[in-house]
2 protein chains.
Amino acid sequence: MVKNGNPGTGGVTLQAVAEAAGVTIATASRSLNDAYGVHPETKARVQRIAEELHYKPNRFARGLVTGRSDMVGLIVSDIRNSYFAEVARGVEDAALESGRDVMLCNSDLNAERQMKSVNSLLDKRAEAIIMNSVASLSREDQQKIAAAGVPIVLLNRPGRDTTFSTVNADNDKGGRLAAECLLRNGHRKVINLTGPKKHANLSRRSTAFIKTMEAQRGARVNTIHTINTMQGGYEAAIEIFRNLNGETAIATGNDAMAFGVMRAAIEAGVRIPRDISLIGFDDVELSAMTFPPLTTVRQPKYEVGRAAVEIVQQLLSSGSKTPIHRVVDVELVERSSVAKLTK
Amino acid sequence: MVKNGNPGTGGVTLQAVAEAAGVTIATASRSLNDAYGVHPETKARVQRIAEELHYKPNRFARGLVTGRSDMVGLIVSDIRNSYFAEVARGVEDAALESGRDVMLCNSDLNAERQMKSVNSLLDKRAEAIIMNSVASLSREDQQKIAAAGVPIVLLNRPGRDTTFSTVNADNDKGGRLAAECLLRNGHRKVINLTGPKKHANLSRRSTAFIKTMEAQRGARVNTIHTINTMQGGYEAAIEIFRNLNGETAIATGNDAMAFGVMRAAIEAGVRIPRDISLIGFDDVELSAMTFPPLTTVRQPKYEVGRAAVEIVQQLLSSGSKTPIHRVVDVELVERSSVAKLTK
DNA sequence: CTGAAAGCGCTTACAG
DNA sequence: CTGAAAGCGCTTACAG
């Protein structure tokens, strides 16, 4: 038979601890797990001896009987995206507090790789999976995931999914905040540079932004759709600067697009915020370092990660299957890219 | 007794597959593991049935007997640091190729948290640990880690550790590349803005830089030490710009410091590269986006992650305990912050 | 409060 | 080529 001792721990098993303490492994196990009904003195002795022997429980053996792995899975499209790095940190910190480790997977938003990750995570008995999106998955795959029976929490999914839990930033409030900032600074005729219509998060930001602006008498917003990247923002801005017609500010759907606008502005000789004001959305790391620093709506990325783990905890401890939905707060970060209009 | 079936997989066990295939679990196991000595037809049948039943082996059970977890641990100071996000991606990709998942931990370079992570990873039977640094750990802790018997690979540790494997960028070559770039563009009197003397990586870059510069007749470098951050670079640069004495270029120990120099330049009205040239080291994401884009020496972060996993593979498959050391190549990335001097 | 024992679901010598 | 069986190291009802 295989005799592998207890690799990585010097081979000390519960058995060894029990012997040294003069009890059976049953009592030893109970002592170490702080269970009820073991004499305080016995418990203390066992614990001390376990310590001395550097006993480490074999998680495989424990998992085999308890079914618990003390691990959660996190699948993001790409950890190099600073948004997800922030989220991951929030996840890790919160998971650590509950004694769990996190297994990280990158999916590149590719359905096949994503499904592979899910399977691998399930294989390794992740107690829950926190994932970026499920959008690229077939209905069939989604059902398979749901059937796995472990809590799934989706990041950045607007609206309330009926089978999965979600956590999302408050896009409505964010859109409103951006509009109020512009209004407060005297802007009335503005451009809303947003992403493709099918992009649900950007659409909600846009809708809230427009609604808030237009609630103000005499305000007008010109909405432009483009690709939601720096490049998209750049190209749209070149066009915009050519056809400027009294607009005094641009609000973009995310910071990346705002950076594109900035680049186009430099090339076109348009000065921000002197000639035109600019407000973004996200507050990525770079936003504070551009010239001028970008006024934007901050998405609490780290908190999104934490919130996801909190949902997992709730679901796990209650045993409930009912998805939980959390909307995390956003806030305005005023830097220097929005000018106060003096009429 | 506990009856937890096979949670997360619909409860199908090897036993179930074996029964459906009309064999014993021994044969079923061998078929699924593609072992020798099982009739091709039997094997095919078992595999087909396992597929149909959506059989997923219970990793706990398997791990209990094999001792293998198919997971590696990665401990970085902070995943939000884009350097480590890149490394992590390299690790994940390479690990995936070998069928392993990665458990991610953040240590904040804090000895206690770091040790906790190591222990947790060992607990969960990580087959190897790739970690940022071990510098903050006591000798005792380091020995404990070494004693665990799993391969450990250290990131960014210069020189050859005798007990741990390492992977590091070629700092010597990087320093040389930076110097050659300046020399080629006609710079002879330059400033080397480096970090604290005890910072081994920065010191090596600096030493190689100086050596290469001074091998050129008539070249002279003025070395200045400061904190190796943007703020450090900023503060040092303010001082530098006040006392400029014919120097035509600044080479910094990393990009962060270069960004600090850029900021100071804007404030001091010094134009880069017109008034002074600037070359960094690292090539972080931001480096391509500054104004002007920064000429720098690229560290292959992603490759560092991959190399670490390759070392793990080698060590694991050979069973060798001898540390492996890898130096990954760097390259010059010429952008616009270095001007060609026309005498 | 403690022990004897079953059982978690696998893998792998050992026979045949 | 296949089976019967031991064993990996735990946890937890069941007795006492």
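The structure presented is a predicted model; accordingly, all values stated were derived computationally and were not measured. Computed over heavy atoms, backbone and side chain alike; hydrogens, waters and symmetry mates excluded. In what follows, every chain begins at residue 1, and chains take the letters A, B, ... in the order their sequences are listed.
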Taking atom CD of A/E112 as the centre, report whether more than 12 heavy atoms of other residues, nucleotides or ligands fall under 6.0 Å from it. no
What is the minimum heavy-atom distance between A/S107 and A/R113, and which atoms define it? O-CB, 3.9 Å
Between the side chains of B/N168 and B/T166, does any donor sit under 3.5 Å from an acceptor? no
Test your reading of the model: is there a side-chain donor-acceptor pair from B/E86 to the backbone of B/K301, 3.5 Å cut-off? no
Please report the shortest heavy-atom distance between A/C105 and B/E92, naming the atom on each side. CA-OE2, 2.6 Å
Would you kindly give the CG-to-P distance between B/L14 and C/dC10, to the nearest whole Å? 5 Å
Between B/Q313 and B/R100, do the side chains contain an N or O donor and an N or O acceptor separated by less than 3.5 Å? yes
Starting at CD of B/Q15 and ending at C1' of C/dC8, how long is that distance when rounded to a whole Å? 13 Å
Would you say the base of D/dG3 and the side-chain of B/R30 have a donor-acceptor pair closer than 3.5 Å? yes
Taking D/dG3, D/dT12, C/dC1 as options, the one with an atom nearest any side-chain atom of A/A26 is D/dT12
Between atom CZ in A/R68 and atom C1' in D/dT12, what is the gap in whole Å? 12 Å
Can you tell me which nucleotide in D/dA4, C/dT11, C/dC8 comes closest to the side chain of B/S29? C/dT11
Check this one for me: any side-chain N or O of A/T66 less than 4.0 Å away from OP1 or OP2 of D/dT11? no
Residue whose closest nucleotide on DNA chain D lies nearer the 5' end, B/I25 versus A/A61: B/I25
Determine: side-chain N/O of B/N58 to OP1/OP2 of C/dC8, distance under 4.0 Å, yes or no. no
For C/dT2, take OP1 and OP2 only and decide whether either is under 4.0 Å from a side-chain N or O of A/T27. no
Which whole-number value in Å describes the distance from A/R59 CZ to D/dG9 P? 16 Å
Length of the line joining A/L32:CG and D/dG9:P, which is rounded to integer Å: 16 Å
Spacing of A/F60 atom CZ relative to D/dG9 atom C1', expressed in whole Å: 12 Å
Check this one for me: any side-chain N or O of A/T13 less than 4.0 Å away from OP1 or OP2 of D/dC8? no
Please map the stems of DNA chain D, keeping only stretches of three or more Watson-Crick or G-U wobble pairs with both distances under 3.5 angstrom. C:1-3 with D:14-16, C:5-12 with D:5-12, C:14-16 with D:1-3
Rounded to whole Å, how long is the line connecting atom NZ of A/K56 with atom P of D/dC10? 12 Å
Would a distance-only check, ignoring hydrogens and angles, find a side-chain to backbone donor-acceptor pair under 3.5 Å from B/K321 to B/G149? yes
Rounded distance in Å - CZ (A/R45) to C1' (C/dT2): 12 Å
